[in-house]
Amino acid sequence: MELSMEKCEKHEICPFFTAYENDKRNKIVLESLAKTYCLGNMKYDCKRRHISERLGGLKYVPINMMPNGIPMYGTKNTDWTKEVKKILKI
């Protein structure tokens, strides 16, 4: 996979990565997601980014939503808002 030259400007402040940065069980998953979505060529495909832009900020994006739009392993999407689910078409 070829990496883009600039990382996503939201990566350092993304609530998902700050919430799970010390989760040793999912370290490889987090590193892979960051490499693909935050540092890689899929940063504009990030569902977190898309929802943030559509709803007006990162505060509207569920913390447990991975950049690919699914809940972090071991969590559920049951408390996600109707607006988020509508954007994700779930």
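Because the structure is a prediction, the values reported are computed rather than measured. In what follows, residues are counted from 1 in the order of the sequence shown.
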*Within a reach of under 6.0 Å around NZ of K27, are more than 12 heavy atoms found that belong to other residues, nucleotides or ligands?*
no
_Separation of M42 CE from L33 CG (nearest 0.5 Å)_ = 10.0 Å
*Between A19 and I63, which heavy-atom pair has the shortest distance, and what is it?*
CB-CG2, 3.5 Å
*What is the minimum heavy-atom distance between L58 and S52, and which atoms define it?*
N-OG, 3.3 Å
*Would a hydrophobic clustering, with Ile, Leu, Val, Met, Phe, Trp and Tyr connected at side-chain separations under 4.5 Å, put I70 with L88?*
no
*Check the hydrophobic clustering (I, L, V, M, F, W, Y; side-chain heavy atoms under 4.5 Å; chains of links allowed) and say if I87 and I90 are grouped together.*
yes
_Pairs meeting criterion side chain to side chain donor-acceptor pair (under 3.5 Å) with involvement of residues 56-66, two or more places apart_ = N64-T75, N64-W80
*For residues 12-22, which residue pairs qualify under salt bridge (Lys or Arg N to Asp or Glu O under 4.0 Å), counting only residues two or more places apart or in two chains?*
K7-E12
*Considering only heavy atoms from C-beta outward, does the side chain of M72 approach that of L30 to under 4.5 Å?*
yes
Under 3.5 Å donor-acceptor pairs involving side-chain atoms of residues 44-51, not counting sequence neighbours:
from, atom 1, to, atom 2, distance (Å)
R48, NH1, P62, O, 2.7
R48, NH1, M65, O, 2.8
R49, NH2, E9, OE2, 3.0

*Between T18 and I13, is a side-chain contact (heavy atoms from CB on, under 4.5 Å) present by the stated rule, with each step listed?*
CA-CA 7 Å; T18 57; I13 60 168; over 6 Å; no
*With sequence neighbours excluded, give me every ring-ring contact (aromatic ring centres under 6.0 Å, His included) pair touching residues 14-43.*
H11-F17, F16-Y20
*With distance as the sole test, does S32 use its side chain to make a donor-acceptor pair with the main-chain N or O of I28 at under 3.5 Å?*
no
_Partner residues of N77 under the side-chain hydrogen bond (donor to acceptor under 3.5 Å, both in side chains) criterion, sequence neighbours left out_ = none
